[in-house]
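Data first, discussion second: the structure below is written as structure tokens.
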Amino acid sequence: MADEPLVLGIETSCDETGVGIVRGTTLLADAIASSVDEHARYGGVVPEVASRAHLEAMVPTIERALKEAGVSARDLDGIAVTAGPGLAGALLVGVSAAKTYAYALGKPLYGVNHLASHICVDQLEHGRLPEPTMALLVSGGHSSLLLAPDITADVRPMGATIDDAAGEAFDKIARVLQLGFPGGPVIDRLAREGDPSAIAFPRGLTGPRDAPYDFSFSGLKTSVARWIEAKRNAGEEVPVRDVAASFQEAVVDVLTRKAVRACKDEGVDHLMIGGGVAANSRLRALAQERCERAGIRLRVPRPGLCTDNGAMVAALGAEMVARNRPASDWELSADSSLPVTEPHVPGQTHDHQHQHQYPHDHDHVHEVAKDNLYS
């Protein structure tokens, strides 16, 4: 274990400042500072608020992770950071911090893809990912089916949402029901006390001529909102628990049905589910039921690793180091629309030694930064 790569990962794609430290596939630290409470009053994430929160939380969260892991910054073999996709301003905070630490410590820098990181995090709980891996990623910003023959270099999109992501739909329905933000956890909780077959909400993109692996939740969201509005206009009480259960069932039914279909079509005997919505209890239960019926092994990380975190970034970074993937150069920048087909961003310079040489006129800055980090 001691000879496995020790990597620190930084995640700032949305509203959580995550810093994780991983040695190989072993999680040593997972420190998170969330600004979700600051966004709750607005009913959604405010990019400027998120960016400022990342700035304030970055250094304390990194220090907390190093202490938790019981390692020194100088012991690290690399620094990994989410380069995209995500909120541009939030990503820039993380990328800038990662470049600063990597430069000062003289360590290689790895800009990695947020979605690929969500897949790789499962290694921290269930061991090495099979190759290829079929992954269903569901969150507030993404609903994607991905086939990954090589998580560090080859990730192929099978299907994606054509409108609202699943998590986004949860938040919007929670807002209509006046349940607050974020909507996923509260709808999940209320749905356990409701009847999932009480209301026949539509299943988007499930017709014979529809794209087999794409998702659409906009029509479902509109249907639920109109149903609630009709009840209120008629002066009737809205059965919140039944609405939550029926809406949730419509979402997870489509997600699991298409994911299992993709596994069968591609001849993959396992399915990994990640992203914030993967913490949903009904999604986990229905996926397990359908996978068992189809002879497919289901891999789902524990809820704490499904939401955005630094551990997932460190996990992918450690895999980059282990497979000798090229580090990113100093021109690495944030890319809010980074395609999933780019698991990491090596930059234009692939020569490891060259890209981490320091310009002579920056030597003094380098030494001062090192003194501050090692003090």
Side-chain angles (χ1 to χ4, degrees), residues 13-14 84-86 113-119 132-149 151 154-173 183-184 187 200-226 246-280 282-284 286-287 289-291 293-294 296 298-300 306 335-343:
S13 67
C14 193
N113 191 292
H114 179 80
L115 300 181
S117 297
H118 268 305
I119 300 174
T133 285
M134 182 68 72
L136 170 66
L137 298 186
V138 279
S139 67
H142 307 279
S143 294
S144 307
L145 263 173
L146 306 169
L147 183 65
I151 193 59
D154 186 6
V155 179
R156 305 170 189 177
M158 299 285 293
T161 182
I162 63 172
D163 42 55
D164 291 353
E168 185 180 4
F170 270 89
D171 288 338
K172 289 181 178 178
I173 295 306
I187 286 182
F201 289 133
R203 271 63 167 163
L205 288 185
T206 53
R209 296 184 181 180
D210 290 323
Y213 310 129
D214 285 340
F215 304 102
S216 172
F217 297 110
S218 180
L220 169 63
K221 176 199 68 180
T222 301
S223 177
V224 177
R226 286 179 176 172
S246 299
F247 160 73
Q248 178 175 269
E249 193 70 14
V251 173
V252 303
D253 177 23
V254 174
L255 289 171
T256 55
R257 189 189 312 179
K258 295 203 171 198
V260 169
R261 178 178 179 177
C263 287
K264 288 181 177 179
D265 290 349
E266 293 296 319
V268 177
D269 64 359
H270 64 276
L271 172 67
M272 182 269 166
I273 302 181
V277 181
N280 181 275
R282 180 56 183 156
L283 174 60
R284 287 170 172 254
L286 187 57
E289 177 186 321
R290 287 182 167 171
C291 282
R293 198 182 310 147
I296 295 170
L298 179 66
R299 295 170 58 126
V300 189
C306 289
D335 183 349
S336 60
S337 58
L338 183 68
V340 70
T341 50
E342 297 182 30

His142: what forms a ring pair (Phe, Tyr, Trp, His ring centres under 6.0 Å) with it, not counting sequence neighbours? none

Enter the distance from His118:NE2 to Cys306:SG here, rounded to the nearest 0.5 Å. 8.5 Å

Distance-only criterion, 3.5 Å: show the donor-acceptor pairs between side-chain atoms of residues 265-278 and protein atoms not counting sequence neighbours.
from, atom 1, to, atom 2, distance (Å)
Asp265, OD2, Tyr213, OH, 2.5
His270, NE2, Pro132, O, 3.2

With the side chain counted from C-beta on, respond yes when Leu255 and Phe215 share a heavy-atom pair under 4.5 Å apart, and no when they do not. yes

Which pairs pass salt bridge (charged side-chain N to carboxylate O under 4.0 Å, His left out) with one or both residues in residues 160-170, sequence neighbours excluded? Asp164-Lys172, Asp164-Lys221, Glu168-Lys172

Ser13: which residues meet the side-chain hydrogen bond (donor to acceptor under 3.5 Å, both in side chains) condition with it, sequence neighbours left out? Glu11, His114

First locate atom OG1 of Thr161, then atom CG of Leu145, and finally report the distance between them rounded to the nearest 0.5 Å. 11.5 Å

Tell me which one of Leu298, Thr256, Val300 satisfies side chain to side chain contact (heavy atoms under 4.5 Å, CB included) with Cys291. Leu298

Distance in Å, Thr222 OG1 paired with Phe217 CZ, rounded so as to fall on 0.5 Å steps: 13.5 Å

Only counting residues at least two apart or in another chain, list the ones meeting side chain to side chain contact (heavy atoms under 4.5 Å, CB included) with Pro157. Leu146, Val340, Thr341

My understanding is that only residues two or more places apart in sequence, or in another chain, count here; which of them pass side chain to side chain contact (heavy atoms under 4.5 Å, CB included) with Ala294? Val260, Lys264, Ile296

Of all heavy-atom pairs linking Pro202 and Ala250, the shortest is O-CB, 3.9 Å

How would you list all residue pairs meeting salt bridge (charged side-chain N to carboxylate O under 4.0 Å, His left out) that involve residues 246-256, not counting sequence neighbours? Arg203-Asp253, Glu249-Arg282, Asp253-Arg257, Asp253-Arg290

Results of side-chain hydrogen bond (donor to acceptor under 3.5 Å, both in side chains) for Asp210 - residues two or more places apart only: none

Determine whether a donor-acceptor pair (N or O, by modelled atom type, separation under 3.5 Å) exists between the side chain of Lys258 and the backbone of Thr206. no

Looking at Val251 and Ala166, what are the two nearest heavy atoms and their distance? CG1-CB, 4.0 Å

Which residues satisfy the ring pair (Phe, Tyr, Trp, His ring centres under 6.0 Å) test with Phe170, sequence neighbours excluded? Phe247

Closest contact, heavy atoms only, Pro85 versus Ser336: CB-O, 3.2 Å

Taking Gly159's backbone N and O only, do any of them form a donor-acceptor pair with Asp214's side chain (distance below 3.5 Å, no angle check)? no

Inter-residue atom distance Leu137.CG - Ser143.OG, 0.5 Å rounding: 9.0 Å

side-chain hydrogen bond (donor to acceptor under 3.5 Å, both in side chains) partners for Asn113, two or more places apart: none

Under the side-chain contact (heavy atoms from CB on, under 4.5 Å) rule, what do Ile173 and Leu220 come out as? Steps first, then yes or no, please. CA-CA 10 Å; Ile173 295 306; Leu220 169 63; over 6 Å; no

Contacts of Arg156 meeting side-chain hydrogen bond (donor to acceptor under 3.5 Å, both in side chains) (sequence neighbours excluded), chain-then-number -> Asp154

Check salt bridge (Lys or Arg N to Asp or Glu O under 4.0 Å) between Arg284 and all other residues, then give those that pass, not counting sequence neighbours. none

When rounded to the nearest 0.5 Å, the distance separating CE of Met134 from CG of Leu147 is 4.5 Å

Between the main-chain N or O of Gly219 and the side-chain N or O of Ser223, is there a donor-acceptor pair closer than 3.5 Å? no

